[in-house]
Amino acid sequence: MNAEMTGVEAPSPPLGLERTFDETLTLLDALSRATDRLDEELLTGRPHAIAEAAVMLEANLANSHAGFERFRTALAAAGDGRLGATARRLHQSPHPELGIQLDRIGTRLIRLVRRSSAGLKRAEALGAGLSSSLRVLRALDVVSQDQLLAEA
């Protein structure tokens, strides 16, 4: 039964919880965009663009640390600190919208981990390919290692 049917207004959500969950979603979206950009640059193979995208991702990670710490604290205050269990509990509370927010956070976290994992594999493959190419070029005496590093 909702508040309109019972004539009783539901209590407001715990102070700051909704704002903290919104902030966490925003942080995850920013990290996802930065991860996507790095992944796209890895596909181009342009070292300077890859380095720039990596620096942007590192900056996003560093800037999001405090926000994720607030989320961790809020999650612990709202439940037992586990995302799934807390979301289920909040779905049954007078504020199911908070459970929905936690579901969204969980979905975005999973997506970010999958994209990060795929990007890491792509970066490792690119690194292995470049290393192999360098070995071949040095073995053929086509170019020195110092020249290759200077051009990269």
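Remember, it's a predicted structure, so these values are computed and weren't measured experimentally.
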Under 4.5 Å between any side-chain heavy atoms of [X] and [Y], yes or no?
| X | Y | value |
| --- | --- | --- |
| Arg108 | Thr24 | no |
| Leu75 | Leu102 | yes |
| Leu28 | Phe71 | no |
| Leu90 | His95 | no |

### Query
Is there a donor-acceptor pair closer than 3.5 Å between any side-chain N or O of Thr86 and the backbone N or O of Arg82?
yes

Give the minimum heavy-atom separation between [X] and [Y], together with the two atoms involved.
| X | Y | result |
| --- | --- | --- |
| Thr44 | Glu41 | OG1-O, 2.6 Å |
| Pro96 | Ser93 | CD-O, 3.5 Å |
| Leu38 | Ala54 | CD1-N, 3.8 Å |
| Ala74 | Thr20 | CB-CG2, 3.8 Å |

Measuring from atom [atom1] of [X] to atom [atom2] of [Y], what distance do you get when rounded to the nearest 0.5 angstrom?
| X | Y | atom1 | atom2 | result |
| --- | --- | --- | --- | --- |
| Glu97 | Leu17 | CD | CG | 9.5 Å |
| Leu27 | Phe68 | CG | CZ | 5.0 Å |
| Glu52 | His48 | CD | NE2 | 10.5 Å |
| Arg19 | Gln101 | CZ | CD | 12.0 Å |
| Leu61 | His65 | CG | NE2 | 11.5 Å |
| Asp39 | Leu120 | CG | CG | 10.5 Å |

### Residues which pass salt bridge (charged side-chain N to carboxylate O under 4.0 Å, His left out) with Arg88, listed by chain and number, not counting sequence neighbours
none

### Query
Just wondering, more than 12 heavy atoms not from Arg37 lying within 6.0 Å of its CZ?
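Buried by this count: over 12 neighbours within 6.0 Å.
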
### Query
Is atom CZ of Arg122 surrounded by more than 12 heavy atoms (other residues, nucleotides or ligands) closer than 6.0 Å?
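Yes - once you tally the heavy atoms of other residues, nucleotides and ligands closer than 6.0 Å, there are more than 12.
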
### Task
Would you check if there is a donor-acceptor pair between the side chains of Ser32 and Arg115 at a distance under 3.5 Å?
yes

### Message
Less than 4.0 angstrom from a charged side-chain N to a carboxylate O is my criterion; do Lys121 and Glu124 meet it?
### Response
no

### Query
Does Asn60 have any side chain to side chain contact (heavy atoms under 4.5 Å, CB included) partners at least two apart in sequence or in another chain, and if so, which?
Ala30, Leu31, Ala34, Met56

